Amino acid sequence: MLLNWTVMILYNYFSAMFVGPGYVPLGWTPEKSQDCMYLQYCKVCQSYKAPRSHHCRKCNRCVMKMDHHCPWINNCCGYQNHASFTLFLFLAPLGCIHASFIFIMTMYTQLYNRISFGWSSVKIDMSAAKRDPRPIIPFGLSAFAASLFALGLALGTTIAVGMLFIIQMKVILTNKTSIESWIEEKAKDRIQYYQTGETFIFPYDMGSKWKNFREVFTWSGIPEGDGLDWPVRDGCHQYSLTIEQLKQKADKRVRSVRYRAIEDYSGVCCPVTKGVKTFFTTPCTEEPRIALSKGDLILATRGLKHWMYGEKILISAADGGIRERGWFPRKCVEKCQYDSETDQPVDGEKKSK
């Protein structure tokens with residue numbers, strides 16, 4: 001059984017790693033040219049982003065049905081390897097539970113013959129087992145310590161990976177990805193913020209958990225479709241999600257606030273010279289930091305108490321310039337007198353996400 005768990009776990013692990021998520025072809029455009037107005041354009045890949053695809057900074061490609069970039073497989077989890085990745089998350093805790101059972105029973109049976117109880121003490125003799133014949137495999141102090149350590153690893157893996165499996169199954173049963181769940185939450189926030197009265201319906205939920213499950217898991221192991229076109233529920237548009245993304249992108253520009261750098265920042269993860277609170281509250285995320293020089297202009301879109309996230313304007317955005325995105329300490333910048341997008345005075349703090 002242990003060999004069986006090992007083979008299945010490693011098979012799905014390496015499948016998720018080497019098969020990959022599937023990438024949008026470079027230079028891809030929709031069949032109908034008028035559909036381009038519903039899609040975002042990726043300057044890196046020189047192509048339009050297909051529905052449900054997102055650009056990964058680590059892979060440097062647009063990933064089909066991207067869920068997240070996983071450092072443990074050194075690849076993205078997406079259209080082609082979502083099933084293999086989820087099966088790995090399912091099988092790893094099962095194998096660890098089996099191993100934990102073996103470790104517990106081993107320590108119990110070995111210690112049972114070595115423990116002697118007194119009126120006021122308990123003695124454990126690890127020199128030899130009190131039985132005849134002697135065990136084939138000696139169980140000394142080092143073996144006990146190794147078994148206890150391995151038991152801790154097995155239980156820790158069961159809890160950690162098991163929680164990841166539950167999270168993945170929640171999004172799979174609604175036919176979403178982690179990114180799409182976040183997009184749906186931001187859609188609700190945008191509608192509530194502007195009081196538009198509209199209702200956002202996620203277009204790829206088939207209305208049945210079994211149908212949603214079958215969108216990822218198939219008997220052949222090959223996901224259905226081509227990763228570019230997706231079936232949608234009744235009453236929804238093929239580009240309903242991408243249209244919502246464009247609305248959120250426009251809303252992000254409206255809500256952004258222009259700041260000017262008043263201190264230099266090298267871009268290190270935990271800056272020592274920017275204060276103790278800034279050092280210990282650095283964002284726990286893979287998103288990059290951006291170096292700042294005094295006088296740089298930044299469009300801040302969201303922030304924490306001591307950190308902010310935004311885009312550094314290298315060249316005027318009106319000229320099609322390039323921007324660097326990342327986190328920077330809040331104390332290194334001050335708010336400009338005029339808003340970046342509307343060139344109007346800023347009245348109080350704008351709402352930022």
Side-chain angles (χ1 to χ4, degrees), residues 15-16 19-42 44-56 59 61-70 75-87 89 167-188 190-191 198-249:
S15 293
V19 170
Y23 303 105
V24 177
L26 296 175
W28 180 85
T29 57
E31 294 182 0
K32 299 178 181 179
S33 58
Q34 61 268 27
D35 290 342
C36 293
M37 63 183 295
Y38 303 125
L39 301 172
Q40 299 183 67
Y41 186 77
C42 179
V44 178
C45 298
Q46 296 293 308
S47 62
Y48 285 92
K49 295 181 181 179
R52 312 190 77 178
S53 67
H54 303 274
H55 186 83
C56 176
C59 299
R61 287 289 300 273
C62 286
V63 178
M64 293 189 292
K65 196 189 175 186
M66 179 179 175
D67 185 87
H68 68 286
H69 183 91
C70 179
N75 211 334
C76 278
C77 175
Y79 164 67
Q80 291 184 349
N81 63 353
H82 201 177
S84 298
F85 180 77
T86 307
L87 285 173
L89 298 182
I167 294 172
Q168 283 297 311
M169 286 306 301
K170 282 184 177 180
V171 296
I172 287 175
L173 292 178
T174 55
N175 201 16
K176 299 175 185 175
T177 63
S178 301
I179 296 177
E180 290 167 350
S181 297
W182 175 236
I183 293 173
E184 187 177 29
E185 289 297 321
K186 290 195 294 182
K188 296 177 182 178
R190 180 186 63 82
I191 294 171
E198 60 182 307
T199 302
F200 175 74
I201 301 175
F202 186 74
Y204 304 113
D205 187 352
M206 298 290 99
S208 166
K209 291 183 178 181
W210 173 248
K211 290 181 179 179
N212 292 334
F213 181 84
R214 294 287 296 167
E215 286 291 314
V216 176
F217 296 96
T218 60
W219 291 113
S220 64
I222 302 174
E224 297 181 356
D226 58 0
L228 300 174
D229 296 315
W230 302 91
V232 296
R233 63 187 301 170
D234 295 337
C236 291
H237 192 267
Q238 178 65 234
Y239 300 107
S240 294
L241 185 66
T242 58
I243 292 172
E244 174 59 32
Q245 289 178 262
L246 292 173
K247 290 180 180 179
Q248 292 181 11
K249 193 172 184 180

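Everything quoted here is computed from the prediction, not taken from an experiment.
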message: I'd like to know if the side chain of Asp67 pairs up with that of Ser178 as donor and acceptor (distance under 3.5 Å, no hydrogens or angles considered).
response: yes
field: Taking every non-hydrogen atom, the tightest pair across Met64 and Gly227
entry: SD-O, 3.4 Å
statement: Tightest non-hydrogen contact, residues Asp226 and Asp229, listed as OD1-N, 3.1 Å
task: Please name the pair of heavy atoms, one in Ala16 and one in Ser84, separated by the smallest distance, quoted to 0.1 Å.
output: N-CB, 3.9 Å
message: For a 4.5 angstrom cut-off between non-hydrogen side-chain atoms, does Ile183 reach Gln245?
response: yes
- request: Could you walk me through whether Glu224 and Thr218 pass the side chain to side chain contact (heavy atoms under 4.5 Å, CB included) test, one step at a time?
  value: CA-CA 8 Å; Glu224 297 181 356; Thr218 60; 4.0 Å; yes
- prompt: What closest approach, in Å, do Val216 and Ala83 show between heavy atoms, and which atom pair accounts for it?
  reply: O-CB, 3.6 Å
task: Would you mind telling me which of Leu173, Thr174, Ile172 makes a side chain to side chain contact (heavy atoms under 4.5 Å, CB included) with Lys209?
output: Leu173
- prompt: Nearest heavy-atom pair of Cys76 and Val63: which atoms, and what distance?
  reply: SG-CG2, 3.9 Å
His237 to Ser240 - nearest heavy-atom pair and separation: N-OG, 2.8 Å
I'd like a table of donor-acceptor pairs (distance under 3.5 Å, sequence neighbours excluded) in which one partner is a side-chain atom from residues 23-31, with atom names and distances.
{"unit_1": "Tyr23", "atom_1": "OH", "unit_2": "Asn75", "atom_2": "OD1", "d": "3.4"}

Worked verdict on Cys36 versus Tyr48 for side chain to side chain contact (heavy atoms under 4.5 Å, CB included): CA-CA 7 Å; Cys36 293; Tyr48 285 92; 3.7 Å; yes
- request: Taking the side chain as every heavy atom from C-beta outward, state whether Met66 and Tyr79 have any atom pair closer than 4.5 Å.
  value: no
- prompt: Between the main-chain N or O of Thr177 and the side-chain N or O of Ser181, is there a donor-acceptor pair closer than 3.5 Å?
  reply: yes
Tyr204 six-ring centre to Arg52 NZ/CZ under 6.0 Å and within 45° of normal: yes
task: Could you check if a side-chain atom of Pro21 sits within less than 4.5 angstrom of a side-chain atom of Gln80, using non-hydrogen atoms only?
output: no
task: Taking the side chain as every heavy atom from C-beta outward, state whether Ile201 and Arg233 have any atom pair closer than 4.5 Å.
output: yes
task: Measure the CG-SG distance between Leu89 and Cys70 for me, rounded to the nearest 0.5 Å.
output: 8.0 Å
- request: Give the intermediate values and the outcome of side chain to side chain contact (heavy atoms under 4.5 Å, CB included) for residues Trp219 and Arg214.
  value: CA-CA 9 Å; Trp219 291 113; Arg214 294 287 296 167; 3.6 Å; yes
message: Could you go through Phe202 and Glu244, starting from their C-alpha distance and side-chain angles, then the distance that decides it, and tell me whether this counts as side chain to side chain contact (heavy atoms under 4.5 Å, CB included)?
response: CA-CA 10 Å; Phe202 186 74; Glu244 174 59 32; over 6 Å; no
query: Would you call the rings of Tyr239 and Tyr38 parallel, tilted or perpendicular if under 30° counts as parallel and over 60° as perpendicular?
result: parallel
field: For Arg190, the option from Glu185, Gln248, Glu198 that meets side chain to side chain donor-acceptor pair (under 3.5 Å)
entry: Glu198
message: Do Lys65 and His54 make a side-chain contact, defined as non-hydrogen atoms from C-beta onward lying under 4.5 Å apart?
response: no
- request: Compare all side-chain heavy atoms of Leu39 with those of Lys49 and state whether any distance is below 4.5 angstrom.
  value: no
- line: Applying side chain to side chain contact (heavy atoms under 4.5 Å, CB included) to Leu87 and not counting sequence neighbours gives Asn12, Phe217
task: May I have the step-by-step check of side chain to side chain donor-acceptor pair (under 3.5 Å) for His55 and Gln40, ending in yes or no?
output: CA-CA 11 Å; His55 186 83; Gln40 299 183 67; over 6 Å; no
- request: Evaluate the side-chain proximity of Thr86 to Met169: yes if any heavy-atom separation is below 4.5 Å, no if none is.
  value: yes
- prompt: Tell me, do Cys59 and His69 make a side-chain contact under 4.5 Å, heavy atoms counted?
  reply: yes
Rounded distance [0.5 Å steps], CG in Asp234 versus CE in Met206: 8.5 Å
